[in-house]
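Atoms within each ligand, like the ligands themselves, are counted from 1 in listed order.
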Amino acid sequence: MCGIVGFIGNKNAKDVVLNGLTRLEYRGYDSAGLSLFNSRYQTFDVYKDEGRVQKLVDSTKNAAFSNIGIGHTRWATHGRVNKENSHPHYSQTRRFIIVHNGVIENYQQLKDQYLRNTILTSETDTEVIAQLIETFSQTLSVEIAITTTLKLLHGSYALLVLDSNDPEKIYAAKYKSPLIVGQGVDGITVASDLMALIGYSTDYHALDDKTFLVARKEGIRLFDLNNESLDLHFKPIELDDQDTTKGEYAHYMMKEIHEQPSVLRRIVTNYYEKEKSLIKSEILESIKSSDRLYILAAGTSMHAGLIGKQLIEKMTSIPVEVHIASEFAYQKPLLSKNPMFILVTQSGETADLRACLVLINQHHYKSLTITNVPTSTLAREATYFLELYAGPEIAVASTKAYVAQVAVLSLIAHELSNQSIDIRKELSIAATSIENFLSSEEILPLVREYLTRRNCFFIGRGLDYHVSLEAALKLKEISYIQTEGFAAGELKHGTIALIEEGTPVIALISDPKINNNTRSNLKEVQARGAKTFRIVMESCKQDGDEVILENVHPLLTPLVMVVPTQLLAYYAALERSYDIDKPRNLAKSVTVE
Ligand code: F6R
């Protein structure tokens, strides 16, 4: 949520920052801004406006060379989407310039207490930080003014600060929001995530909370908030350009949907050496010795968690509860005696989950984060973590990460169970089934025929019910069609009142045992005018079914059943000419609660 990038070195900072912002735009795209040093006037210029990074690229075309700069792409939290509220923000005398990702919860209080005589030019919480630094710098050194300010902030921040009086330094600090510093032959880049560093840095250090750094052309110094020096620990960057481009596809979402078979195969390769599982035995032992698992997650990841619960409970005797992270954090349920927590998260940065993990760690409970980003906060702060190996997911609507989450949860369930499933083979059959479907899919005509209304329903039973929830989220978030996922048998208990002539109802059917039950529910809605169609596994196929998928292991059907629903969402958004990879009001990494 919000992307920030800063660069100091031998290159034109404008290019590094704009390229980085373009790569981070999935984090927020309400507005974009950049600050560069103007050597003629010895000040930092600020370019910013509402809209996309491309607009900023155009407006900074003629900006002069500057070897230092910071930029920001915004997902609005405090203050409307407009130029004034866009970052960077100046302090009152324009000495300090700041970009920020996060939320300052006590900004009003800080304003009242320290800034009564300061005129603020925006509605943002961020500007308060710039003004406080300026206020404190009147009596303190800049570094102490910054750490003094940081100690007053409640909430979350990843921020970059420039000082016009010393234009050869970028100051950076972090608490709860992610921040990474990279070094390469041409200079130092500080950014919200690794993608902004590709092409400019060879190594990176992920900042810990409550640390603060000063980047100069010559090097980086790291401190704690008491200005005590700390060591940096650099690791090589293993991403490359290929991972972050659309390739032959028109949209990242389509590319990522098509990557799903290879993601499943990569998971098998990374988690098995021949037949031997590479999941650390201590993770499995911790799970086995707990009396109940609590899966915590949000959105799509929560839907993967619901499937995970089914898999673990069906393959083992360990009970599992699934909780929405934002609810769990503040309404902690009655826990079992010896709980263990599994946090499922693509980004590893979701603030709602972080709030849960803080609580979990306070009670010294064991936790496992399953994430796509091994450098992320939630990977680092949990007792254990497992990687999804999905590769960077750039489209805001999650597809391949969901499939990877379900697959990794299925591996955990398998390793805990005594059932003799050849999981490697079954996952590879699922990969082939997806591949075969994708190579001959005919989803667009279905979209044109059925998804013409303002609303829609997905129905299913058992695992299909949980896939319907995900199908509904995907369709609503990118096509803006109001969609609900429903347990097929539950519709008649009230919601069927919404069915009218032409309402689309899509049934997901993968389990022969309940095939006819779901079909009866379809009949009930058809009788009331609904336009229905079916997505089914071959084992459940009947004449006239519209989408038929090759059979896979009965516990792994969600991996395949979800794919046509991802395409339905994709084509529905395409038909409406919406911005598929960057749907309105959303951002990829939700780092505010
Ligand atoms: C929807 C989507 C979101 C995320 C949710 C949690 O397509 O991607 O619902 O699943 O915001 O994010 P992570 O998985 O990063 O914790």
Mark up the atoms of ligand 1 that fall under 4.0 Å of a heavy atom belonging to [X], in ascending order.
{"X": "Ala397", "answer": "7 (O)"}
{"X": "Ser398", "answer": "7 (O), 8 (O)"}
{"X": "Glu477", "answer": "1 (C), 7 (O)"}
{"X": "Ser301", "answer": "10 (O), 13 (P), 14 (O)"}

*asked:* What I'd like to find out is whether the side chain of Leu386 reaches to under 4.5 Å of the side chain of Thr369, using heavy atoms alone.
replied: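 In short, these two side chains do not touch, never coming nearer than 4.5 Å.
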*Tell me which one of Leu353, Thr371, Thr300 gets a heavy atom nearest to atom 2 (C) of ligand 1.*
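It is Thr300 whose heavy atom sits nearest to atom 2 (C) of ligand 1.
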*Pick whichever of Thr350, Ile478, Leu388 has a heavy atom sitting closest to atom 12 (O) of ligand 1.*
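Closest candidate by heavy-atom distance is Thr350.
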For the ring pair [X] and [Y], is the centre-to-centre distance below 6.0 Å?
{"X": "Phe234", "Y": "Tyr204", "result": "no"}
{"X": "Tyr389", "Y": "Tyr271", "result": "yes"}
{"X": "His251", "Y": "Tyr570", "result": "yes"}

*Are any of the heavy atoms in Lys474 under 4.0 Å away from ligand 1?*
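Lys474 counts as a contact of ligand 1 under the 4.0 Å cut-off.
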*Quick one: does Val396 get within less than 4.0 Å of ligand 1, heavy atoms only?*
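Checking ligand 1 against Val396, which is what was asked, there is a heavy-atom contact under 4.0 Å.
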*Kindly confirm or rule out an N or O of Gln405 lying under 3.5 angstrom from an N or O of ligand 1.*
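No: no nitrogen or oxygen of Gln405 is under 3.5 Å from one in ligand 1.
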_Assess, by modelled atom type and distance only, whether the side chains of Thr300 and Glu470 contain a donor and an acceptor separated by less than 3.5 Å._
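Per modelled atom types, Thr300 and Glu470 side chains form a pair under 3.5 Å.
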*So, are Asp30 and Lys582 salt-bridged, with charged N and O less than 4.0 Å apart?*
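No, no charged N to carboxylate O under 4.0 Å.
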*Would you mind checking if Glu393 and Lys400 are paired as a salt bridge, meaning a charged N to carboxylate O distance below 4.0 Å?*
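Result for this pair is no, no salt bridge flagged.
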Nearest to [atom], what protein heavy atom do you find, and at what distance?
{"atom": "atom 15 (O) of ligand 1", "result": "Ser347 OG, 2.6 Å"}
{"atom": "atom 11 (O) of ligand 1", "result": "Val590 CG2, 3.8 Å"}
{"atom": "atom 5 (C) of ligand 1", "result": "Ala298 O, 3.6 Å"}

*Is the Lys NZ or Arg CZ of Arg584 less than 6.0 Å from the centre of Tyr480's six-membered ring, within 45° of the axis?*
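Verdict for Tyr480: a cation-pi partner in Arg584.
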